[in-house]
Amino acid sequence: MRFAPSPTGHTHLGSGRTALYDYLLARQTGGQFILRIEDSDQKRYVEGAEQELMDSLRWLGLEWDEGPDKGGPYGPYRQSERKEIYQQYAWELVERGSAYPCFCSADRLAELRQEQQSRRETGRYDGRCRRIPPAEAAARVADGEPHVIRFKMPHEGSITVNDYVRGEITVENANLDDYILVRSDGLALYHLAAMVDDHLMKISHVIRGSEWLPTFPLHVHILRALGLQEPVFVHLSVFLKPSGKGKMSKRETAALMQDGYSIFIKDLKELGYTPEGVLNWIALMGWSYDDHTEFFTLADLVDKFSLERLNPAPAAINFTKLDHFNGLHIRSLSDEEIARRVQPFFEIAGYATSQDKLLRIAPLIRERMVTLDDAVPMAGFFFKDQVMPAAQELVGKNMTPAESLRAVQRTYHLLAGLRDFSHESAEGPLRELADELGIKAGQLFGILRVAVTGQIVSPPLLESMAILGRDVVLDRLQVAARMLEDNIES
RNA sequence: GCCCCCAUCGUCUAGGGGACCAGGACGCAGCCCUUUCAAGGCUAAAACCAGGGUUCGAAUCCCUGUGGGGGCACCA
């Protein structure tokens with residue numbers, strides 16, 4: 001198995017899914033998962049993209065067995081370092097009569113294309129250099145005349161290729177072009193390079209996006225002309241934008257960020273998504289296990305994934321489903337894991353935290369988080385020196401400021417006199433106090449919640465107070481009482 | 001324009017001639033639980049793109065149309 005991305009931008013969901021399926025297949029068959037960088041076009045190379053790719057893959061937990069950074073028996077693993085290999089195969093193709101050097105300039109080609117377009121024809125090479133006798137062509141090449149190498153596509157007949165998810169696809173050769181295989185700078189294009197590499201690296205399954213379907217017949221032509229064995233080709237459906245109308249554009253990608261979503265793996269990490277959630281989500285875009293199972297860990301997927309259940313239809317990206325899966329996986333994490341994963345987000349927000357305290361907070365926030373960064377607004381009050389409640393929010397529902405003040409004062413004395421400051425020992429007395437004050441427990445808790453956490457919504461109040469400790473709670477109640485007093489006077 | 005692919009609730013999907021007045025999930029609505037918010041439980045609304053065939057019988061097979069997507073580079 002191999003995952004062969006090109007380092008031309010941010011690593012996105014589609015790459016993640018392809019890599020995932022590659023990884024799964026490799027793991028379940030005991031094969032190797034190879035990372036090969038398709039950087040044969042230096043013009044499109046983006047600095048840092050390769051590093052981001054590897055970071056993203058590792059974050060997802062998809063560690064490769066062979067790759068540019070760790071070597072392996074079939075290296076090098078960057079196409080830019082394999083130029084001579086492709087040259088050799090390209091000329092073998094020429095010798096076999098399946099390819100030929102072409103001396104047409106890029107200018108002439110552009111002109112030709114324009115002409116064809118004006119006549120509303122499909123852009124295709126007119127075959128001028130195809131007619132040059134091989135001996136003459138070889139001589140011109142030996143003379144150093146600039147040239148590319150083209151595939152000599154048969155004019156007659158058709159070719160039938162087999163895609164694992166779609167079955168047989170038959171195309172008339174007349175609809176295919178004399179594609180360029182090697183550039184004038186001597187570097188091979190994807191069409192040749194990928195086929196040669198996959199053969200040399202003993203790749204059994206080629207999993208790639210369906211954007212390769214149109215050139216799929218060319219690839220099989222090359223393979224057959226070279227006499228190479230054909231791997232199993234699996235073309236995955238594309239991802240559509242959430243509306244289902246068309247694929248993601250640059251603008252929409254930027255707009256998505258406003259809503260806290262992204263199609264880039266590295267963003268997802270920063271937004272507080274877990275690798276488990278992302279993996280589960282993308283695994284099910286175009287694949288299913290049965291009619292009801294949806295929760296999968298990576299290990300589950302290794303166990304249960306199969307190419308048979310791939311779906312050829314394009315799939316719209318559904319981010320609310322990502323939220324759902326992320327929440328599901330956060331809830332299945334241990335306290336230790338939650339504490340560990342949530343800490344970086346507190347750090348970014350400027351809070352000094354301790355694992356010890358986070359460990360005690362974890363059970364209180366586990367069921368309330370959709371993304372890991374939700375922990376910060378939810379539990380930030382644990383790490384603040386003081387909270388700043390809004391004066392009006394300290395007034396209980398359907399209560400006057402004076403009544404609220406009294407409730408805070410009574411609570412202060414009750415808690416100050418409590419033998420031990422635990423959730424269990426505080427609850428009974430506080431409910432009795434509410435009764436005594438003639439208010440509902442909910443009203444009392446509401447006032448206290450704002451006083452102690454500074455928030456209208458918070459994790460369970462009494463558990464939170466126990467973690468904060470008696471001193472902090474009493475202190476915050478005192479502050480709240482003062483604010484209420486000021487409120488009453490003014 | 002030409003070539004290729006695809007088509008079940010809003011979305012992801014199950015289904016592959018009778019087991020389907022079409023199942024699950026997300027989201028949405030309601031109810032229950034509840035100290036807030038969640039989580040959890042229950043209930044509801046919601047789909048076989050259209051038209052022709054084949055067949056005793058079609059969501060399922062075939063054709064046409066329509067819609068959507070992809071491609072038509074010395075990009076991948």
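Throughout, protein chains are lettered first and strands after them, A, B, ... in sequence-line order, and every chain is numbered starting at 1.
- The phosphate of B:C75 (OP1 or OP2) has no side-chain N or O of A:Thr8 nearer than 4.0 angstrom.
- Note: A:Phe295 and A:His329 have parallel aromatic rings, judged against thresholds of 30 and 60 degrees for the angle between ring planes.
- Annotation: B:C62 and B:G16 have their P atoms spaced 15 Å apart (nearest Å).
- A:Lys43 comes within 4.0 angstrom of sugar-phosphate atoms only, judged by non-hydrogen atoms across all strands, and of no base.
- Using Watson-Crick or G-U wobble geometry with both donor-acceptor distances under 3.5 Å, B:A59 finds no partner in any strand shown.
- The local environment of CZ in A:Arg128 is sparse, with at most 12 non-hydrogen atoms from other residues, nucleotides or ligands closer than 6.0 Å.
- A:Asn318 is linked by a side chain to side chain donor-acceptor pair (under 3.5 Å) to A:Thr320, counting only residues two or more places apart in sequence or in another chain.
- The pairing partner recorded for B:U35 is none, the criterion being a Watson-Crick or G-U wobble arrangement whose two distances lie under 3.5 angstrom.
- Following rounding to the nearest Å, A:Phe319 (CZ) and B:C26 (P) show an atom-to-atom distance of 18 Å.
- Between B:A25 and A:Asn318, no contact under 4.0 Å exists linking OP1 or OP2 to a side-chain N or O.
- Among the protein residues, A:Thr320 comes within range of the sugar-phosphate backbone only, with heavy atoms under 4.0 Å from sugar or phosphate atoms but none that close to a base.
- When the C1' atom of B:A14 is taken as reference, atom CG of A:Leu284 falls 12 Å away, rounded to whole Å.
- For the pair A:Asp259 (side chain) and A:Tyr261 (backbone), a donor-acceptor distance under 3.5 Å is absent.
- Taking the six-membered ring for Trp and the full ring otherwise, the centers of A:Phe296 and A:Trp287 sit less than 6.0 Å from each other.
- Rounded to whole Å, the distance from CZ on A:Phe295 to C1' on B:G24 is 17 Å.
- Nucleotide B:G16 has no partner under the Watson-Crick or G-U criteria, as no pair reaches both atom distances under 3.5 Å.
- Across the protein-nucleic acid pair, A:Leu181 atom CG and B:A76 atom P stand 12 Å apart, rounded to whole Å.
- Backbone-only contact: A:Gly286 has heavy atoms under 4.0 Å from sugar-phosphate atoms and none from a base.
- Within the nucleic acid shown, A:Arg309 comes within 4.0 Å of sugar-phosphate atoms alone, with no base atom in reach, counting heavy atoms only.
- Only the P atoms considered, B:A22 is 9 Å distant from B:A47, to the nearest whole Å.
- With rounding to whole Å, A:Asp291 atom CG is found 14 Å from B:A19 atom C1'.
- Between A:His292 and B:G24, a side-chain N or O to OP1/OP2 separation shorter than 4.0 Å is absent.
- Partner assigned to B:C49 is B:G65, using Watson-Crick or G-U wobble distances below 3.5 angstrom.
- Aromatic ring orientation, A:Tyr179 versus A:His191: tilted (interplanar angle from 30° to 60°).
- Shown here is A:Arg406, whose CZ atom has no more than 12 heavy atoms of other residues, nucleotides or ligands within 6.0 Å.
- For B:U8 and B:G69, the P atoms lie 14 Å apart once the distance is rounded to whole Å.
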Are any protein N/O atoms closer than 3.5 Å to N/O atoms in nucleotides 29-39 of chain B? If there are, list each pair with its distance.
residue: B:U35; atom: OP1; partner: A:Arg431; partner atom: NH2; Å: 2.6
residue: B:U35; atom: O2; partner: A:Arg449; partner atom: NH2; Å: 2.6
residue: B:U36; atom: O4'; partner: A:Arg449; partner atom: NH1; Å: 3.4
residue: B:U36; atom: N1; partner: A:Arg449; partner atom: NH1; Å: 3.4
residue: B:U36; atom: O2; partner: A:Ser458; partner atom: N; Å: 2.7
residue: B:U36; atom: O2; partner: A:Ser458; partner atom: O; Å: 3.0
residue: B:U36; atom: N3; partner: A:Arg449; partner atom: NH2; Å: 3.4
residue: B:U36; atom: N3; partner: A:Ser458; partner atom: O; Å: 2.6
residue: B:U36; atom: O4; partner: A:Pro460; partner atom: N; Å: 3.3
residue: B:C37; atom: O2; partner: A:Arg368; partner atom: NH1; Å: 3.1
residue: B:C37; atom: N3; partner: A:Arg368; partner atom: NH1; Å: 2.3
residue: B:C37; atom: N4; partner: A:Arg368; partner atom: NH1; Å: 3.4
residue: B:A38; atom: O2'; partner: A:Glu367; partner atom: O; Å: 2.5
residue: B:A39; atom: O4'; partner: A:Glu367; partner atom: O; Å: 3.3
residue: B:A39; atom: O3'; partner: A:Arg331; partner atom: NH1; Å: 3.1

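- Below 30°, between 30° and 60°, or above 60°: for A:Phe233 and A:His235 the angle between ring planes is below 30°, a parallel geometry.
- Using a 4.0 Å heavy-atom criterion, one finds that A:Cys104 contacts the bases of the nucleic acid, with or without backbone contacts as well.
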I need a per-nucleotide contact map over nucleotides 59-73 of chain B, read 5' to 3'. Cutoff is protein heavy atoms under 4.0 Å; write B for the base, S for backbone only, - otherwise. ----------SBSBS

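- Contact annotation: A:Lys321 does not reach the phosphate of B:A25 (side-chain N/O to OP1 or OP2, under 4.0 Å).
- Rounded to the nearest Å, the gap between the C1' atom of B:G23 and that of B:C9 is 12 Å.
- Rounded to an integer number of Å, the gap from OH of A:Tyr261 to C1' of B:C26 is 11 Å.
- For residues 449-470 of chain A, no residue pair satisfies the salt bridge (charged side-chain N to carboxylate O under 4.0 Å, His left out) rule, not counting sequence neighbours.
- Considering only the side chain of A:Arg183, B:C74 comes nearest among B:C4, B:C74, B:C12.
- Within the nucleic acid shown, A:Ser237 has no heavy atom closer than 4.0 Å to any nucleic acid atom.
- The side chain to side chain donor-acceptor pair (under 3.5 Å) search around A:Gln51 returns A:Asp55, not counting sequence neighbours.
- With sequence neighbours excluded, the residues forming a side chain to side chain donor-acceptor pair (under 3.5 Å) with A:Arg2 are A:Asp198, listed by chain and number.
- Contact annotation for A:Ile169: backbone-only contact, meaning every heavy-atom pair under 4.0 Å involves sugar-phosphate atoms and none involves a base.
- Side-chain contact annotation: A:Glu308 with A:Tyr164, donor-acceptor N/O pair under 3.5 Å present.
- Nucleotide B:C26 holds its P atom 12 Å from the CG atom of A:Asn280, rounded to whole Å.
- B:A29: Watson-Crick or G-U partner is B:U43, with both key distances under 3.5 Å.
- Nucleic acid contact for A:Glu38: sugar-phosphate only, since backbone atoms but no base atoms lie under 4.0 Å from a heavy atom of the residue.
- For the pair A:Asp185 CG and B:C75 C1', the computed distance is 13 Å after rounding to whole Å.
- Pairing of B:C2, defined by two Watson-Crick or G-U wobble distances under 3.5 Å, is identified with B:G71.
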